[in-house]
Amino acid sequence: MPKIQIAQDAAADELLSTDSFALLTGMLLDQQFPMERAFAGPAKIRDRFGTMDPVEIADADPEAFADLCSTPPAIHRYGRSMAGRVQALAKVVAEEYGGDASRIWTEASSGADLMARLRALPGFGEQKAKIFVALVAKQLDVKLSGWTTVAGDYSKKGYRSVADVTDPDSLQKVRDFKKAAKAAKAGKDADSA
């Protein structure tokens, strides 16, 4: 796998670069939380639990797993609830993909198929799925037929999402883009009120 640099932490980014379930889990955690901290979450899980093996995570005691995910520094601001989501994701990867998360994108027949596979995962709504399609295309070079159509604006060049984060400078540019988009939406909402 290519070198991923989303977490801005060498050990966390190495895990994202070498473990497909860690990368998928980072995307799951990327909501209502700074993106680099979300993508550092899988390294915290591995360091505390001992592995990112989805079969073992799916089989873990839910209370004990929630405790390790919510122990400061937690994997997410909602550590306990996200622990349940990580376990639900692990269960699907274990049962439907033989424990190999990369099969979600390497065995997809098209961008639309990949989008459908991602949307079927717990915690992956439409926007998160679009961003992940763009992430695997831009950073893992998994450019399936029609990926730009299903990823929409996230497929464009620029700094729109975590799919475009490759270093500290691009992280800041994505932050600036999101802040400007949020301000524009707030202005539009105020005008229509």
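For the residue pair Arg77 and Phe33, the shortest heavy atom distance occurs at N-CE1, 3.3 Å. Smallest separation of non-hydrogen atoms from Ala90 and Pro54: CB-O, 3.3 Å. Nearest heavy-atom pair, Arg48 versus Thr71, reported as atom, atom and distance to 0.1 Å: NH1-O, 2.9 Å. Among all heavy-atom pairs drawn from Lys156 and Lys138, the shortest one is O-NZ, 2.8 Å. Contact between Pro122 and Val92 at its shortest, heavy atoms only, is CD-CG2, 3.7 Å. Annotation for Met82 and Gln31: closest pair CE-NE2, 3.4 Å, computed over non-hydrogen atoms.
For the atom pair CG of Leu118 and CH2 of Trp105, the computed distance is 8.5 Å after rounding to the nearest 0.5 Å. Here Ile104 contributes atom CD1 and Ser20 contributes atom OG; the two are 7.5 Å apart, rounded to the nearest 0.5 Å. In this structure, CG in Leu24 is found 6.0 Å from CG in Leu121, a value given to the nearest 0.5 Å. Between Leu144 atom CG and Ser109 atom OG the span is 8.0 Å, to the nearest 0.5 Å. We find the CD1-CE distance between Ile131 and Met27 to be 4.5 Å, quoted to the nearest 0.5 Å. Residue Arg37 holds its CZ atom at 12.5 Å from CG of Asp30, rounded to the nearest 0.5 Å.
Side-chain contact check for His76 versus Arg85: every heavy-atom pair is 4.5 Å or farther apart. Val162 has its side chain out of reach of Val174: every pair of non-hydrogen atoms, C-beta onward, lies at least 4.5 Å apart. Inter-residue side-chain proximity for Cys69 and Ile45 is flagged as met; some heavy-atom pair is nearer than 4.5 Å. The side-chain heavy atoms of Thr25 and Phe21, taken from C-beta on, include a pair separated by under 4.5 Å. Contact annotation: the side chain of Leu140 approaches that of Leu23 to within less than 4.5 Å [non-hydrogen atoms, C-beta and beyond].
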Residues Asp141, Lys143; criterion salt bridge (Lys or Arg N to Asp or Glu O under 4.0 Å); working and verdict: CA-CA 6 Å; Asp141 204 31; Lys143 296 179 178 169; 3.6 Å; yes
Full working for salt bridge (Lys or Arg N to Asp or Glu O under 4.0 Å) between Asp59 and Lys91: CA-CA 8 Å; Asp59 290 342; Lys91 184 174 170 61; over 6 Å; no
Criterion side chain to side chain contact (heavy atoms under 4.5 Å, CB included) on Val150 and Leu114, from CA distance to verdict: CA-CA 9 Å; Val150 297; Leu114 176 55; over 6 Å; no
Steps toward side-chain hydrogen bond (donor to acceptor under 3.5 Å, both in side chains) verdict (Asp113, Ser110): CA-CA 5 Å; Asp113 183 33; Ser110 65; 5.4 Å; no
Intermediate values then yes/no, side chain to side chain contact (heavy atoms under 4.5 Å, CB included), Gln5 and Val165: CA-CA 7 Å; Gln5 291 185 292; Val165 175; over 6 Å; no
Thr18/Ile4 under side chain to side chain contact (heavy atoms under 4.5 Å, CB included): CA gap, chis, key distance, verdict: CA-CA 9 Å; Thr18 59; Ile4 304 278; over 6 Å; no
Chi angles and distances behind the side chain to side chain contact (heavy atoms under 4.5 Å, CB included) call for Phe39, Leu29: CA-CA 7 Å; Phe39 278 87; Leu29 297 173; over 6 Å; no
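Within 6.0 Å of atom CZ in Arg46, more than 12 heavy atoms from other residues, nucleotides or ligands are found, so the atom counts as buried in its surroundings. Annotation: Gln172, atom CD; neighbour count of heavy atoms from other residues, nucleotides and ligands within 6.0 Å is above 12.
Judged purely by atom type and a 3.5 angstrom limit, Asp164 uses its side chain to pair as donor or acceptor with the backbone of Ser161. The backbone N or O of Tyr154 lies less than 3.5 Å from no partner atom in the side chain of Lys130, so there is not a single donor-acceptor pair. No donor-acceptor pair closer than 3.5 Å links the side chain of Glu56 to the backbone N or O of Thr51. With Ser70 contributing its side chain and Gly79 its backbone, the two residues share no donor-acceptor pair below 3.5 Å. In this structure, the side chain of Glu126 does not engage the main chain of Arg119 through any donor-acceptor pair within 3.5 Å. Remark: the backbone N or O of Ser155 is not paired with any side-chain donor or acceptor of Arg160 at under 3.5 angstrom. A distance-only check finds a donor-acceptor pair linking the side chain of Asp13 to the backbone of Ile6 [under 3.5 Å]. In this structure, the side chain of Lys3 does not engage the main chain of Thr166 through any donor-acceptor pair within 3.5 Å.
Transitive grouping of hydrophobic side chains (ILVMFWY, heavy atoms separated by less than 4.5 Å) brings Tyr97 and Leu89 into a common cluster. Hydrophobic clustering of Ile, Leu, Val, Met, Phe, Trp and Tyr side chains at less than 4.5 Å, counting indirect connections, unites Phe49 with Met52. Taken together through direct or relayed side-chain contacts under 4.5 Å among Ile, Leu, Val, Met, Phe, Trp and Tyr, Tyr159 and Leu171 form part of one hydrophobic cluster.
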